[in-house]
Enquirer: 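Take a look at the following structure, please.
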Amino acid sequence: MTGDQRKIFVTSALPYANGSIHIGHLLEAIQTDIWVRFQKIRGHDCLYLCADDAHGTPIMLSAEQEGVTPETLIARVHAEHQRDYAGFEIGFDNFYTTHSRENREFAETIYTRLNEKGYIKRRTIKQFYDPVKEMFLPDRFIRGECPFCRAQEQYGDSCEACNRTYAPTDLVNPVSSVSGATPIEKESEHYFFNLPEFESVLQDWIRAGRLQPEVANKLDEWFEAGLKEWDISRDTPYFGFEIPGAPGKYFYVWVDAPMGYFASLKNLLDREGLDVAAFIAADSAAEMYHFIGKDIMYFHTLFWPAVLHGSNHRMPTNVFVHGFLTVDGQKMSKSRGTFINARTYLDHLDPEYLRYYFAAKSGGGVDDIDLNLNDFQQRVNADLVGKVVNIASRCAGFINKRFAGQLGAVVHDEGLLEEFVAAGESIAASCEAREYAKAMRGIMALADRANQYIDRHKPWVIAKEDGRDDELQNICSTALNLFRILIIYLKPVLPGLAENSEAFLDIQPLSWDDLSAPLLNHRIKKFKPLLARVEKDKIDAVIEDSKENLLIN
RNA sequence: GGCUAUGUAGCUCAGUUGGUUAGAGCGCAGCAUUCAUAAUGCUGAAGUCGGUGGUUCAAGUCCACCCAUAGCCA
């Protein structure tokens, strides 16, 4: 650990304000939160921003269906999202909304700059229109027969049966899913962002950045196919920000969504009397990272960097792409009860289990991650309760009962303790690279070493022999110090376990700097179970409740 | 349909630029132990590395095709 303090800001993708947070969202939020907590515990200045993505047609229509204003809807969902994330110990520095004053300012100034530089073009296009509802229809609100395989009830952009894509006008017998009317084609003037003009800038950015190889490969494909202009406007009625100087035209939700990262940051910094420019100006020295799912790469690796560059802002330092979550090897399914909402999980299970399990399976790549429920239970119990917490559990009794909670004065095995401290380097490197699975394997290998150490010295035998009190005390104290080091390493993943452990050891919050200073001659508290085991019936209850939610909705 | 990925022991995953008998954890079996939330330690069984062909002295690792899965096609 050096004195070079980095200035970093990090985001998770904005959840859409039209539904609940589910474990798929949490995969990303947990991966991000672990990284942020890791940076903080290492002494860096790191901010974690997120917000609700509150605009677009689906939200407008949902609000209408409920008979409330979109503002009412998104305020309710915002509160719910905040609560759910907090339940999983996601430590946002700010969780804001794209429907905010700050975001409107960003959208307007960025657009105005792009327009002044000639990056915005206008063109009239033909689009499906619902004559009953009197609105243009997004592709997913048009349904019909697939032109290729003739499957019924397919969306306007692609067929779920044969997986092919097409234009909504190709659908056979199209129907508006808003009103049931047959849509008609209608002309409208749209605004386009001239993405192709940024090709060389983006190529440079990609070469300079350190994108994951899979991501770079995908980008190559898009470059080879040729970049296309991006339609950034939508016609009224639309819930969003109106485009300056264009009455009745609104920014497409994906235009102002990433700007929401900045809005959230600005909202936070304004409260603290700090200037957002230090983070977002073209010459900013701060690092900026986006954690996103593989489905929204295009927006974050092409549109967003181009928009930033075109409007005189800095570009992202990197974009970290992860895969999707499957449950027991399959897509999350409402009927199987594996479409698990954050709230449903929290009703029965400790968030730390999921945090650990996701960490144990995150390799830093774009492959999908499977939540295997059986493996989940066994892995969490074996690793966290059986290995890590057990170290404290099996030594604390001796210290408490025989030495009134007082730790020994001498480290019984200096070499082992040094080995634990030294392992921090590679664990930190893995965390930095988001290879949490590797980090967890390293930590569990240390936990094995600690248990072997206890087995080798058999405190329960020494305890029965006269005149060996110092030895007993020092062995148990050493093991507890090994445990303390493991807790430092696990703290970004398991803040709750860390907090319980700090209370048990009766110490201040641990940080990476505490590694090399062992606890000696120190009085600890009575040991209480630091983490309960995962019970099978609780997992079953989550699945059952997830099925029930299906019936209610 | 095109593209980018993924497919390794029952389960979840590692496998660097191709090179001796393919690794780990969980689970399982046996033994030991009883300090600990039936936790721990030791030993062991278990894989024709998705399939078929090919390149090579040598391929889980390279090439072609095929199959399955995920995402993207703005």
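All values reported here derive from a predicted model rather than from experimental measurement. Below, chains carry the letters A, B, ... as their sequence lines are ordered, and counting in each starts from 1.
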Enquirer: Below 4.0 angstrom, which residues in residues 435-458 of chain A have at least one non-hydrogen atom near RNA chain B?
Expert: A:R441, A:D448, A:N451, A:Q452, A:D455
Enquirer: Counting only side-chain heavy atoms from C-beta out, which of B:C35, B:U37, B:C72 sits nearest to A:R394?
Expert: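 Of the options given, the side chain of A:R394 lies nearest B:C35.
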Enquirer: Give a yes or no on whether the ring-centroid distance for A:F141 and A:F128 is below 6.0 angstrom.
Expert: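 A:F141 vs A:F128: aromatic centres not under 6.0 Å.
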Enquirer: Across the strands shown, which category fits A:G386 at heavy-atom distances under 4.0 angstrom: base, sugar-phosphate, nothing?
Expert: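 Answer is sugar-phosphate: A:G386 comes under 4.0 Å of backbone atoms only.
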Enquirer: Fit a plane to each ring of A:F198 and A:Y119, take the angle between them on a 0 to 90° scale, and name the class: parallel (under 30°), tilted (30 to 60°) or perpendicular (over 60°).
Expert: tilted
Enquirer: Measure from NZ or CZ of A:R434 to the centre of the six-membered ring of A:F320 and say whether it is under 6.0 Å with the direction within 45° of the ring axis.
Expert: yes
Enquirer: Does the ring of A:F192 carry A:K121 above it, NZ/CZ under 6.0 angstrom from centre and within 45° of its axis?
Expert: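 The answer is no; the distance or angle limit is not met.
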Enquirer: For the aromatic rings, using the six-membered ring if either is Trp, is the centroid distance between A:W35 and A:Y289 under 6.0 Å?
Expert: yes
Enquirer: Would you classify A:L302 as touching base, sugar-phosphate or nothing, given that sugar-phosphate means primed atoms plus P, OP1 and OP2, and contacts are heavy atoms under 4.0 Å?
Expert: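 No contact.
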Enquirer: Take atom CZ of A:F223 and atom P of B:U4, then tell me their distance rounded to the nearest Å.
Expert: 15 Å
Enquirer: Round to a whole Å and report the spacing from NZ of A:K387 to P of B:G25.
Expert: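 Distance check: A:K387 NZ to B:G25 P gives 7 Å.
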Enquirer: Taking the side chain of A:N390 as its heavy atoms from C-beta onward, which of B:A14, B:A36, B:U37 lies nearest to it?
Expert: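 Side chain of A:N390 sits closest to B:A36.
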Enquirer: Using atom names, set out every protein N or O paired with an N or O of nucleotides 44-47 of chain B below 3.5 Å, distance rounded to 0.1 Å.
Expert:
none

Enquirer: Go ahead and name the base partner of B:C13; Watson-Crick or wobble counts if both distances stay under 3.5 Å, otherwise write none.
Expert: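 B:G23 is the nucleotide pairing with B:C13.
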Enquirer: Roughly how many Å is it from CD in A:Q212 to P in B:U6, rounded to a whole number?
Expert: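 Those two atoms, CD and P, are 12 Å apart.
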Enquirer: Return the pairing partner of B:A45 with a 3.5 Å limit on both distances, Watson-Crick or G-U wobble; otherwise return none.
Expert: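 The answer is none; no pair meets the criterion.
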Enquirer: Are any of the side-chain nitrogens in A:K526 or A:D506 under 4.0 Å away from the carboxylate oxygens of its partner?
Expert: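 No.
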Enquirer: Ring centroid separation for A:H22 and A:F339, is it under 6.0 angstrom?
Expert: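 Centroid separation for A:H22 and A:F339: below 6.0 Å.
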Enquirer: Select one nucleotide: of B:U37, B:G71, B:C35, the one nearest the side-chain heavy atoms of A:W460.
Expert: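 Nearest to the side chain of A:W460 among the choices is B:C35.
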Enquirer: Roughly how many Å is it from CG in A:N400 to C1' in B:C35, rounded to a whole number?
Expert: 13 Å
Enquirer: Determine the Euclidean distance between corresponding P atoms of B:C72 and B:G60; express it in Å to zero decimal places.
Expert: 34 Å
Enquirer: Select base, sugar-phosphate, or nothing to describe what A:V215 touches, counting heavy atoms under 4.0 Å on all strands.
Expert: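 No contact at all - A:V215 keeps every heavy atom at 4.0 Å or more from the nucleic acid.
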Enquirer: Quick check on RNA chain B: between A:G363 and A:S393, whose nearest nucleotide comes earlier from the 5' end?
Expert: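 It is A:G363, whose closest nucleotide lies nearer the 5' terminus.
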Enquirer: Does B:C35 have a Watson-Crick or wobble partner in any strand here, with both distances under 3.5 angstrom, and which is it?
Expert: none
Enquirer: Look at all strands and tell whether A:P459 reaches a base, only sugar-phosphate, or nothing, counting heavy atoms closer than 4.0 Å.
Expert: nothing
Enquirer: What's the closest nucleotide to the A:F527 side chain, out of B:C35, B:G1, B:U37?
Expert: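 Closest of the options to the side chain of A:F527: B:U37.
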Enquirer: Say we look at B:C63 and B:U56: how far apart would their C1' atoms be, to the nearest angstrom?
Expert: 12 Å
Enquirer: Taking for each residue the nucleotide of RNA chain B with the nearest heavy atom, is it A:E214 or A:L531 whose nucleotide lies nearer the 5' end?
Expert: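 Between the two, 5'-proximity favours A:E214.
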Enquirer: Using whole Å, report how far CD of A:Q377 lies from P of B:G25.
Expert: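 These atoms are roughly 20 Å apart.
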Enquirer: On a whole-Å scale, what distance lies between the C1' atoms belonging to B:U52 and B:C67?
Expert: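 Those two atoms are separated by 10 Å.
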Enquirer: Under a 3.5 Å limit for both distances, which nucleotide forms a Watson-Crick or G-U wobble pair with B:G53, could you say?
Expert: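 Its partner is B:C63 (Watson-Crick or G-U wobble, both distances under 3.5 Å).
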Enquirer: Would you mind pulling out the nucleotide paired to B:U6, Watson-Crick or G-U wobble, both distances under 3.5 Å?
Expert: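 The base-pairing partner of B:U6, which may sit in any strand shown, is B:A68.
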Enquirer: Between A:Y16 and A:W254, does the ring centre distance come in under 6.0 Å?
Expert: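 No; A:W254 has its ring centre 6.0 Å or more from that of A:Y16.
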Enquirer: Within this structure, what is the CG-to-P distance between A:D383 and B:A24, rounded to whole angstrom?
Expert: 16 Å
Enquirer: Which nucleotide in the set B:C72, B:A70, B:U37 lies at the smallest distance from any side-chain heavy atom of A:W222?
Expert: B:C72
Enquirer: For residues A:F303 and A:F193, establish whether the separation of their ring centroids is below 6.0 Å.
Expert: no
Enquirer: Is the distance between the ring centroids of A:F376 and A:Y357 under 6.0 Å?
Expert: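 Judged by ring-centre distance (under 6.0 Å), A:F376 and A:Y357 do meet the cut-off.
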Enquirer: Distance check, C1' atoms only: B:A46 and B:A29, in whole angstrom units.
Expert: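 It comes out at 11 Å once rounded to the nearest Å.
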Enquirer: Please check this pair: side chain of A:R523 against backbone of A:A404, looking for a donor-acceptor N/O pair closer than 3.5 Å.
Expert: yes
Enquirer: A:W230 vs A:Y252 aromatic rings, parallel, tilted or perpendicular, using cut-offs 30° and 60°?
Expert: perpendicular
Enquirer: Can you tell me, in whole Å, how much space there is between the P of B:C11 and that of B:G47?
Expert: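 Result for the P pair: 13 Å, nearest Å.
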Enquirer: Distance check, C1' atoms only: B:U17 and B:U12, in whole angstrom units.
Expert: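 Looking at atom C1' only, B:U17 and B:U12 are 28 Å apart.
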Enquirer: Taking NZ, NE, NH1 and NH2 as the nitrogens, is one of them in A:E465 or A:R468 under 4.0 Å from a carboxylate oxygen of the other?
Expert: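 Yes.
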Enquirer: Enter the distance from A:L520:CG to A:N481:CG here, rounded to the nearest 0.5 Å.
Expert: 6.0 Å
Enquirer: To the nearest Å, give me how far apart CZ (A:R150) and P (B:G1) are.
Expert: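 Going from CZ in A:R150 over to P in B:G1 covers 17 Å.
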Enquirer: Between P on B:C72 and OH on A:Y166, what's the gap in Å once rounded to a whole number?
Expert: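 Spelled out: OH on A:Y166 to P on B:C72 is 14 Å.
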Enquirer: Pick the C1' atom in B:G10 and in B:A45, then give their distance to the nearest Å.
Expert: 13 Å
Enquirer: Could you let me know what B:G1 is paired to, Watson-Crick or G-U wobble, both distances under 3.5 Å, or none if it's on its own?
Expert: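 Per the H-bond distance test, B:C73.
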Enquirer: Which whole number of Å gives the distance between the C1' atom of B:G30 and that of B:G18?
Expert: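 Between the two C1' atoms, the distance is 39 Å.
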Enquirer: Could you list, one pair per line, each protein nitrogen or oxygen that sits under 3.5 Å from a nitrogen or oxygen of nucleotides 9-12 of chain B, together with the distance?
Expert:
from  : atom 1 : to     : atom 2 : distance (Å)
B:U12 : O4'    : A:D375 : OD2    : 3.4
B:U12 : O3'    : A:K361 : NZ     : 2.4
B:U12 : O2'    : A:K361 : NZ     : 3.0

Enquirer: What is the ring orientation for A:H300 with A:Y261, classed by angle as parallel under 30°, tilted 30 to 60°, or perpendicular over 60°?
Expert: tilted
